[in-house]
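Below: one structure, written as structure tokens.
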Amino acid sequence: MTEFEKEVLKAVVKIPFGETRTYKWVAEKIKRPRAYRAVANALRKNPYLLVAPCHRVIKSCGDIGGYSQGQAQKKRLIKLEKTI
DNA sequence: ATCATGACTAATG
DNA sequence: CCATTAGCCATGA
């Protein structure tokens, strides 16, 4: 586990239930405004799927983005949380 | 040290 | 609005 990945996760767990943030937002949150690509890289490995709500992280343009468990699942979770 | 790889982004045509 | 391009950064080989 690298420090960078930890920072990314720490930022991700701060995302409120039912809301979404962008990769760029996370990057800025960890004081690395231009590491949004590296952020995605860290999430891609995603070892804390159950503690880090990485399904709430989407692209800045509003697109769904990717997910280790599949975009469909990601979309479902977001929609579900938005409903509750 | 160098190179390729991505769940990306912003700018340009 | 859609496609292409260049810029970006941590990570692993």
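Lettering follows sequence order; numbering is per chain, from 1.
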Can I get a per-line list of side-chain donor-acceptor pairs under 3.5 Å for residues 59-71 of chain A, giving both atom names and the distance, sequence neighbours left out?
{"residue": "S68(A)", "atom": "OG", "partner": "N46(A)", "partner atom": "ND2", "Å": "3.3"}
{"residue": "Q71(A)", "atom": "NE2", "partner": "G65(A)", "partner atom": "O", "Å": "2.8"}

- Query: Can you name the side chain to side chain contact (heavy atoms under 4.5 Å, CB included) partners of I84(A), sequence neighbours left out?
  - Reply: F17(A), L80(A)
- Taking side chain to side chain donor-acceptor pair (under 3.5 Å) as the test, write out the residues that go with E5(A), two or more places apart. T2(A)
- Indicate the atoms forming the closest heavy-atom contact of A27(A) with A35(A), along with that distance. CB-C, 4.1 Å
- Note on the structure: Quick note, side-chain hydrogen bond (donor to acceptor under 3.5 Å, both in side chains) partners involving residues 34-45 of chain A, not counting sequence neighbours, are none
- Message: Generate the contact string for nucleotides 1-13 of chain B. Rules: B means base contact, S means sugar-phosphate contact only, - means no protein heavy atom under 4.0 Å.
- Response: -----BBBSS---
- E7(A) CD to dT11(C) C1': how many Å, rounded? 16 Å
- Item | For R56(A), side chain to side chain donor-acceptor pair (under 3.5 Å) partners two or more places apart | E81(A)
- Message: Just to verify, what does K6(A) make a side chain to side chain donor-acceptor pair (under 3.5 Å) with, not counting sequence neighbours?
- Response: E3(A)
- Message: Distance check needed: dA10(C) C1' versus K6(A) NZ, whole Å only.
- Response: 15 Å
- Message: If the condition is salt bridge (Lys or Arg N to Asp or Glu O under 4.0 Å), which residues does E28(A) pass it with, not counting sequence neighbours?
- Response: none
Can you tabulate the close N/O pairs, meaning under 3.5 Å, that link protein atoms to atoms of nucleotides 2-5 of chain C?
none

